[in-house]
Number of protein chains: 2
Amino acid sequence: MTRSRPGRANLESVAAAAGVSRATVSRVVNGWASVAPELRERVERAIAELGYVPNQAARSLVTQRADAVALVVAEPDPRVFGDPYFSGIVRGVSTELLSAGVQVVLLMAQSDEELSGIERYLRTAPLDGVLLVSEHSSNDPIPAAMIEAGMPLVIGGRPMQPGLDVPSVDNDNVGGARVATEHLVARGCRRVGTVAGPIDMAAGVDRLEGVRLALGGDLPADRVEHGAFTQASGEEATRRLLDRVPDLDGLFVASDLMALGALRALRLAGRRVPDDVAVVGFDDIPLASATEPPLTTARQQTVLQGRTMARMLLARARPDLRLREAPEVPDVTPDRVVLPVELVVRDSA
Amino acid sequence: MTRSRPGRANLESVAAAAGVSRATVSRVVNGWASVAPELRERVERAIAELGYVPNQAARSLVTQRADAVALVVAEPDPRVFGDPYFSGIVRGVSTELLSAGVQVVLLMAQSDEELSGIERYLRTAPLDGVLLVSEHSSNDPIPAAMIEAGMPLVIGGRPMQPGLDVPSVDNDNVGGARVATEHLVARGCRRVGTVAGPIDMAAGVDRLEGVRLALGGDLPADRVEHGAFTQASGEEATRRLLDRVPDLDGLFVASDLMALGALRALRLAGRRVPDDVAVVGFDDIPLASATEPPLTTARQQTVLQGRTMARMLLARARPDLRLREAPEVPDVTPDRVVLPVELVVRDSA
DNA sequence: TTGTATGCGTTATCAC
DNA sequence: GTGATAACGCATACAA
């Protein structure tokens with residue numbers, strides 16, 4: 001709190017009311033053992049009566065700690081917040097930080113102007129560290145600024161900026177796409193194509209790379225179309241693909257949302273799924289199990305990603321905090337963690 | 001920033017480097033006029049060289065200001081973030097605060113545990129004020145805590161807690177529902193029913209009240225069904241309604257999402273819209289214009305609501321800030337502002 | 001166990 | 001126009 005109303009209590013006034021020194025009050029507030037029960041009692045009563053709450057600004061000034069961490073989401077489209085990917089990360093981050101007694105502060109940037117306001121805030125505000133989730137981050141000024149300011153930072157996703165190396169937690173987009181595509185091949189598909197994501201996004205690039213790895217040399221340029229991770233773009237890309245490769249029999253679509261569009265395009269083109277064309281998506285959004293036919297897809301562990309990011313940051317920014325055991329979270333000492341992506345087989349492939 | 005790395009520059013070091021006093025550096029940093037151009041030059045160079053950034057904790061400690069405001073969203077379902085209602089408010093709040101040089105900090109509470117962490121944070125962190133958006137807020141501890149702590153607070157929506165009066169900005173749910181229902185009547189509907197929202201949410205209660213006002217005494221209990229503001233619940237409620245009142249010829253649905261369900265239920269029941277049953281929704285979500293037929297609905301001004309909330313808070317918490325003119329934003333001196341809701345007539349009614 | 005004293009980095013009030 | 005200097009509220013090393 002900052003606006004000190006006329007009557008805002010502080011250590012001094014509590015000390016006076018309890019008839020002890022400021023130091024003793026401080027000890028009680030911070031739970032130090034070495035306080036006589038009787039004094040403690042008096043102090044606690046005084047605190048309650050005066051409604052005393054410690055001033056975090058003053059506390060941060062001396063301790064160099066803030067007990068708060070910023071989670072920055074740099075994304076122009078406000079709909080990211082409805083995205084299960086994002087909400088999983090937020091849930092994971094919140095869970096882990098809550099149990100560590102650290103508050104999560106969400107900062108969202110929908111424009112460059114807002115982004116620079118956020119940058120300013122990050123450099124000056126009392127914060128223990130920063131978590132950054134941004135999809136197309138190749139020209140994001142924040143990583144460099146944080147490094148220069150000495151502010152601990154962990155990135156969610158694959159850092160796109162060459163030169164800076166920042167601790168990060170990513171999903172295995174390459175491996176996931178590879179397994180998904182291998183599933184198509186194992187199923188008997190001979191002419192596999194893909195609706196890939198945008199090439200300015202790490203997830204787009206990496207998933208396409210996974211397809212390449214799975215198919216070896218067998219991915220001619222005409223079997224690749226790019227979409228924008230939206231349903232409409234997936235539908236169109238699929239249509240273009242079918243025009244060029246009419247005998248396509250397997251399709252890896254780089255996101256479930258695009259896969260929804262792909263299913264529609266296939267239906268309209270008279271193809272049966274999976275009999276004529278087998279389809280695999282990526283993300284396992286809730287809708288994926290409700291499509292006709294239900295969608296085989298690669299599932300990312302978004303909550304785990306959030307938890308891992310949080311612990312990685314705390315390990316670096318607040319080594320004094322002892323976190324509770326969490327065997328399901330990978331070791332966060334290395335600067336780069338990649339979480340496995342699992343294939344969920346349903347009827348579409 | 002809080003973790004002062006070994007080399008973190010402060011006023012002192014900048015002053016030394018520039019050969020001036022701390023006071024002069026402070027004047028330069030804060031843009032005071034009374035500094036000789038030459039000194040100013042030297043100071044600015046030193047600042048750049050040392051990468052000096054003011055410490056906000058120290059600054060807040062003495063100024064009693066923070067240049068930051070919290071926007072608290074108390075809602076268990078993370079999907080609120082995808083909700084156009086919420087994203088409109090965020091956009092409005094952000095716009096207005098950005099131009100005032102105040103940072104928005106988003107705090108979301110998905111559980112009571114998180115809510116109490118947030119409450120702690122709000123009382124202690126350097127913050128100029130708090131904006132609260134919570135739909136079912138009748139037992140939210142935050143308003144009382146903020147009042148006790150003397151922290152300026154503005155609520156979005158209608159405050160549900162008796163006793164506390166807190167400045168608030170609401171949409172005219174009563175008026176909007178009333179106009180929507182009157183539209184049905186004017187259209188010739190004789191047996192109007194409604195799918196209302198939950199009774200523990202102000203929007204649910206108020207919209208139902210609007211229907212009552214429009215119909216005078218003519219709303220028998222069997223023409224009211226309640227849904228949970230979801231599509232599925234809207235579909236079910238409509239089905240129940242049709243079972244009980246087969247000759248229903250007008251339907252006000254308290255949210256567009258529920259209206260989507262209602263349209264489906266009507267179609268399945270073989271009713272034509274609007275010929276057999278005219279339908280009006282509420283919210284004007286993007287999907288509303290894409291339904292078959294396009295949905296007549298009441299539109300809330302969510303961005304304006306956010307902007308109004310922000311200005312109302314700043315007027316109380318930071319009267320020193322001079323905001324730019326904004327004729328479209330209503331006067332924020334009264335403690336309660338209700339924004340008009342406009343009927344958008346499409347084909348469904 | 002308790003109290004005293006110092007410093008965290010700023011802003012702001014004075015003299016000069 | 002500029003420079004000392006006193007707060008701001010707290011934690012903590014040290015003395016008692």
Side-chain angles (χ1 to χ4, degrees), chain A residues 1-43 47 50-67 123-126 149-150 320, chain B residues 1-43 46-47 50-67 123-127 149-150 320:
Chain A
M1 155 83 172
T2 284
R3 305 188 61 74
S4 94
R5 320 302 278 179
R8 189 95 163 75
N10 57 18
L11 270 192
E12 180 88 40
S13 52
V14 174
V20 299
S21 71
R22 296 202 312 253
T24 298
V25 179
S26 179
R27 289 181 189 115
V28 170
V29 169
N30 294 306
W32 275 67
S34 65
V35 173
E38 188 200 317
L39 285 196
R40 173 184 303 277
E41 168 80 15
R42 279 191 355 231
V43 170
I47 287 178
L50 298 177
Y52 168 74
V53 179
N55 178 320
Q56 184 63 34
R59 189 178 260 177
S60 291
L61 192 55
V62 46
T63 60
Q64 313 288 66
R65 286 183 261 110
D67 293 315
R123 318 177 69 120
T124 61
D320 58 307
Chain B
M1 159 84 172
T2 285
R3 305 187 62 71
S4 94
R5 319 303 277 178
R8 188 94 163 78
N10 57 16
L11 269 192
E12 182 87 40
S13 52
V14 173
V20 299
S21 71
R22 296 201 314 253
T24 298
V25 179
S26 179
R27 288 182 188 113
V28 170
V29 169
N30 294 303
W32 275 66
S34 65
V35 174
E38 188 200 316
L39 285 194
R40 173 185 302 277
E41 169 81 13
R42 282 196 347 238
V43 169
I47 288 178
L50 298 177
Y52 168 74
V53 180
N55 179 319
Q56 184 63 36
R59 191 178 259 179
S60 289
L61 192 54
V62 46
T63 61
Q64 315 288 65
R65 285 182 261 111
D67 293 315
R123 318 178 69 121
T124 61
L127 246 30
D320 59 307

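We name chains A, B, ... by the order of the sequence lines, and we start the count at 1 in each one. Just so you know, these numbers use all the heavy atoms, side chains as well, and skip hydrogens, waters and symmetry mates.
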Gap between atoms [atom1] and [atom2], on [X] and [N] respectively (whole Å):
| X | N | atom1 | atom2 | result |
| --- | --- | --- | --- | --- |
| B/Leu39 | D/dG3 | CG | C1' | 11 Å |
| B/Gln56 | C/dT11 | CD | P | 9 Å |
| A/Glu41 | C/dT1 | CD | C1' | 17 Å |
| A/Glu12 | C/dG3 | CD | C1' | 13 Å |
| B/Arg59 | C/dC8 | CZ | P | 19 Å |
| A/Trp32 | C/dT1 | CH2 | P | 11 Å |
| A/Asp320 | D/dT12 | CG | P | 11 Å |
| A/Asn30 | D/dG9 | CG | P | 17 Å |

What does A/Val35 touch in the nucleic acid at a heavy-atom separation under 4.0 angstrom: a base, only the sugar-phosphate, or nothing?
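The answer is sugar-phosphate, as A/Val35 gets under 4.0 Å only of primed atoms, P, OP1 or OP2.
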So, [X] side chain and [Y] main chain: donor-acceptor pair closer than 3.5 Å or not?
| X | Y | answer |
| --- | --- | --- |
| B/Asn30 | B/Trp32 | no |
| B/Ser60 | B/Arg65 | yes |
| B/Thr63 | B/Arg59 | yes |
| B/Ser26 | B/Arg22 | no |

Would you tell me if any nitrogen or oxygen in the side chain of B/Asn10 comes within less than 4.0 Å of OP1 or OP2 on C/dT10?
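So the side-chain polar atoms of B/Asn10 never come under 4.0 Å of the phosphate oxygens OP1 or OP2 of C/dT10.
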Please test A/Val43 against A/Arg40 for side chain to side chain contact (heavy atoms under 4.5 Å, CB included), starting from the C-alpha separation and ending with a verdict.
CA-CA 5 Å; A/Val43 170; A/Arg40 173 184 303 277; 5.8 Å; no
If you apply the rule side chain to side chain contact (heavy atoms under 4.5 Å, CB included), what do you find for A/Val25 with A/Glu12, and how did you get there?
CA-CA 9 Å; A/Val25 179; A/Glu12 180 88 40; over 6 Å; no
Considering only side-chain heavy atoms of B/Asn55, which listed nucleotide, D/dA11, C/dT10, D/dG1, is closest?
C/dT10
From the options C/dT2, D/dC8, C/dT10, select the nucleotide whose nearest atom is closest to the side chain of B/Leu61.
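Output: D/dC8.
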Hey, are the side chains of A/Asn10 and A/Asn55 touching, using non-hydrogen atoms and a 4.5 Å cut-off?
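In short, these two side chains do not touch, never coming nearer than 4.5 Å.
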For DNA chain C, which residues of residues 19-28 of chain A approach it to below 4.0 angstrom with any heavy atom?
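Under 4.0 Å from DNA chain C: A/Val20, A/Ser21, A/Arg22, A/Ala23, A/Thr24, A/Arg27.
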